[in-house]
Chemist: 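Before I ask anything, let me first share the structure, which is written out below as structure tokens.
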Amino acid sequence: MPGAVCQDPRFIGADGITFYFHGKKDKDFCLVTDNNLHINGHFIGKRNQNMGRDFTWVQSIGILFDNHKLQIGALKTSTWDDSVDRISIRFDGENIFLPETEGSKWQSSSTTITRIQDTNDVVVEVENMFKITAKVVPITKEDSRIHNYGITNDDCFAHLDLKFKFFSLGEEVDGVLGQTYKSDYVSKVKMGVLMPVMGGDDKFMSAGVFATDCSVAKFKGSTSHQEGSSLNLQLPSVRCQSGLDGRGVVCKR
């Protein structure tokens, strides 16, 4: 499926090209923006003095659609345990609590949230708009050793691996990931290098996880879905370390 993000944020765009967008720790960036859909990601991270930039991960996403607000996030965690649920979900300001059983479900009008596993893994679907899989994963000691993250015992930097599928994006769609869904999009990243990096921090930066003030914002909001080109691309799949696979993924290395 199109759209994914994982780890030190590695994006797999709708064009099938993998790229990195590092952003900055403790800042928010627009991932997707369209007339009736806007998704920001909140980045957490650690400064790497040797590289002059932050190691970053997507800790939460804020989603605006119609007149609704949906937030999915990873709770700060010191010691990771797969059996302990560390996912946080809020819909229109209210906490959503799902029984810790695979298949448990919450529904409100056109929005459905379902557990894929007993803990830390959900799929959110809004009818005729989008489907997002969100999995909370830690930075393991092995990850930290290999990539020199410098993770300590007080915080394993739990974050989200994300997979997106969109059903009604318009041609004006933008954002770090959203821009790759344009029919005339040409990748701006330098190909043939070990880590192709997408720039544009300034134009994608937002004031908060629900802010629509970045320079590429398109969101107007509506109580009915906007007419779009119904982009629904079928491209080669990519698998993240956490097990998420597909197209349009956001995951770590």
Side-chain angles (χ1 to χ4, degrees), residues 1-7 9 11 23 26-34 37-45 56-77 80 82 84-127 129-139 156-167 175-178 206 208-212 219 240 242-244 246 248-252:
M1 292 188 294
V5 185
C6 45
Q7 299 190 346
F11 291 71
D26 304 323
K27 299 294 184 182
D28 301 276
F29 294 90
C30 173
L31 304 184
V32 178
T33 182
D34 201 17
L37 177 65
H38 190 95
I39 305 175
N40 285 342
H42 179 73
F43 285 45
I44 56 173
T56 52
W57 303 276
V58 178
Q59 180 269 332
S60 65
I61 55 173
I63 308 167
L64 298 172
F65 64 96
D66 292 342
N67 57 350
H68 298 297
K69 291 183 177 182
L70 172 63
Q71 185 170 11
I72 306 169
L75 299 174
K76 185 174 180 178
T77 306
W80 184 258
D82 283 335
V84 178
D85 197 43
R86 302 302 294 164
I87 198 165
S88 171
I89 306 170
R90 290 175 63 84
F91 185 82
D92 289 341
E94 299 292 330
N95 290 320
I96 302 299
F97 297 101
L98 287 170
E100 293 181 12
T101 305
E102 181 181 345
S104 61
K105 184 177 295 187
W106 177 91
Q107 190 165 8
S108 175
S109 61
S110 62
T111 305
T112 304
I113 304 172
T114 308
R115 283 198 188 272
I116 300 173
Q117 298 180 348
D118 292 348
T119 59
N120 298 310
D121 201 352
V122 300
V123 60
V124 179
E125 185 163 6
V126 175
E127 187 177 357
M129 289 191 71
F130 63 80
K131 182 177 182 180
I132 300 174
T133 301
K135 183 172 185 176
V136 179
V137 293
I139 298 298
C156 69
F157 283 82
H159 59 280
L160 299 177
D161 274 5
L162 298 159
K163 181 169 65 176
F164 299 88
K165 185 171 185 178
F166 302 107
F167 304 113
V176 177
L177 179 64
S206 301
V209 75
F210 287 121
T212 58
F219 183 74
C240 292
S242 63
L244 285 184
V249 179
V250 184
C251 57
K252 52 188 174 181

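The first residue of the sequence shown is numbered 1, and numbering continues consecutively from there.
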Chemist: Under 6.0 Å from the ring centre and within 45 degrees of the ring axis: does the NZ or CZ of K27 meet both conditions for the six-membered ring of F43?
Modeler: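 Here K27 fails the 6.0 Å and 45° test against F43.
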Chemist: Can you pull out every salt bridge (Lys or Arg N to Asp or Glu O under 4.0 Å) where at least one residue sits in residues 88-117? Sequence neighbours excluded, please.
Modeler: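 Passing the test, one end in residues 88-117: D85-R115.
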Chemist: If you define the side chain from C-beta out and look only at heavy atoms, does anything of L37 sit under 4.5 Å from F166?
Modeler: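 When only atoms from C-beta onward are counted, F166 and L37 do touch, with a gap below 4.5 Å.
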Chemist: Just by distance, do the side chain of T212 and the backbone of F219 share a donor-acceptor pair under 3.5 Å?
Modeler: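 Checked: no pair found.
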Chemist: Could you go through I139 and H159, starting from their C-alpha distance and side-chain angles, then the distance that decides it, and tell me whether this counts as side chain to side chain contact (heavy atoms under 4.5 Å, CB included)?
Modeler: CA-CA 8 Å; I139 298 298; H159 59 280; 3.5 Å; yes
Chemist: Where is the tightest heavy-atom contact between A158 and W80, given as atom of each residue plus distance?
Modeler: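 Closest approach of A158 to W80: CB-CZ3, 4.1 Å.
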Chemist: Hey, does I89 have a side-chain heavy atom less than 4.5 Å from the side chain of V122?
Modeler: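 Heavy-atom side-chain distance check passes, below 4.5 Å.
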Chemist: Identify the heavy atoms of P99 and S104 that sit nearest to each other, and give their distance.
Modeler: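 Nearest pair, atom of P99 first, then S104: O-OG, 2.7 Å.
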Chemist: Given the rule in the ring-ring contact (aromatic ring centres under 6.0 Å, His included) test, do F65 and F130 qualify, once you have shown the distances and angles that lead to the verdict?
Modeler: CA-CA 10 Å; F65 64 96; F130 63 80; 5.6 Å; yes
Chemist: Sequence neighbours excluded, which residues qualify as side chain to side chain contact (heavy atoms under 4.5 Å, CB included) partners of K76?
Modeler: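 Partners of K76 under the side chain to side chain contact (heavy atoms under 4.5 Å, CB included) test: D155.
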Chemist: Test your reading of the model: is there a side-chain donor-acceptor pair from T119 to the backbone of R86, 3.5 Å cut-off?
Modeler: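 Checked: no pair found.
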Chemist: First locate atom CD1 of I39, then atom OG1 of T33, and finally report the distance between them rounded to the nearest 0.5 Å.
Modeler: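 OG1 of T33 is found 9.5 Å from CD1 of I39.
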Chemist: Can you name the closest pair of heavy atoms from V58 and G41 and give their distance?
Modeler: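 Taking every non-hydrogen atom into account, CG1-CA, 4.3 Å.
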Chemist: Name all pairs fulfilling the ring pair (Phe, Tyr, Trp, His ring centres under 6.0 Å) condition that reach into residues 102-121, sequence neighbours left out, sorted by first residue then second.
Modeler: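 Non-adjacent pairs meeting ring pair (Phe, Tyr, Trp, His ring centres under 6.0 Å): F91-W106.
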Chemist: Give, for atom NZ of K165 and atom CE of M129, the distance between the pair rounded to the nearest 0.5 Å.
Modeler: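 The CE atom of M129 is 15.5 Å from NZ of K165, to the nearest 0.5 Å.
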Chemist: Would you compute the distance between atom NE2 of H42 and atom OG of S206 and round it to the nearest 0.5 angstrom?
Modeler: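 Between H42 NE2 and S206 OG, I get 12.0 Å after rounding to 0.5 Å.
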Chemist: Are the side chains of H68 and V126 in touch, meaning some heavy atoms are under 4.5 Å apart?
Modeler: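 Answer no - side chains too far apart.
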Chemist: Looking at L98, V123, V124, D121, which hits side chain to side chain contact (heavy atoms under 4.5 Å, CB included) with T114?
Modeler: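 Passing option: V123.
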Chemist: If we only count heavy atoms from C-beta on, is the L162 to I132 side-chain gap below 4.5 Å?
Modeler: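 Yes. Closest side-chain heavy atoms under 4.5 Å.
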Chemist: Roughly how far, to the nearest 0.5 Å, is CD1 of I63 from CG of L31?
Modeler: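 Separation between the atoms: 9.5 Å.
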Chemist: After noting the C-alpha distance and the side-chain angles of L160 and W57, does the key distance pass the side chain to side chain contact (heavy atoms under 4.5 Å, CB included) rule?
Modeler: CA-CA 8 Å; L160 299 177; W57 303 276; over 6 Å; no
Chemist: Kindly indicate, with the supporting measurements, whether the criterion side chain to side chain contact (heavy atoms under 4.5 Å, CB included) is fulfilled by T56 and I44.
Modeler: CA-CA 5 Å; T56 52; I44 56 173; over 6 Å; no
Chemist: Going by atom types only, do N40 and H38 share a side-chain donor-acceptor pair under 3.5 Å?
Modeler: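 On atom types as modelled, these side chains qualify, holding a pair under 3.5 Å.
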Chemist: Can you tell me how far the CG atom of L64 sits from the CG atom of L70, to the nearest 0.5 Å?
Modeler: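 Spacing of CG (L64) from CG (L70) equals 9.5 Å.
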Chemist: Minimum heavy-atom separation for N120 to I87, with atom names?
Modeler: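 Heavy-atom minimum between the residues: OD1-N, 3.7 Å.
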Chemist: What is the minimum heavy-atom distance between S60 and Q71, and which atoms define it?
Modeler: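 Scanning both residues, the minimum pair turns out to be OG-NE2, 3.8 Å.
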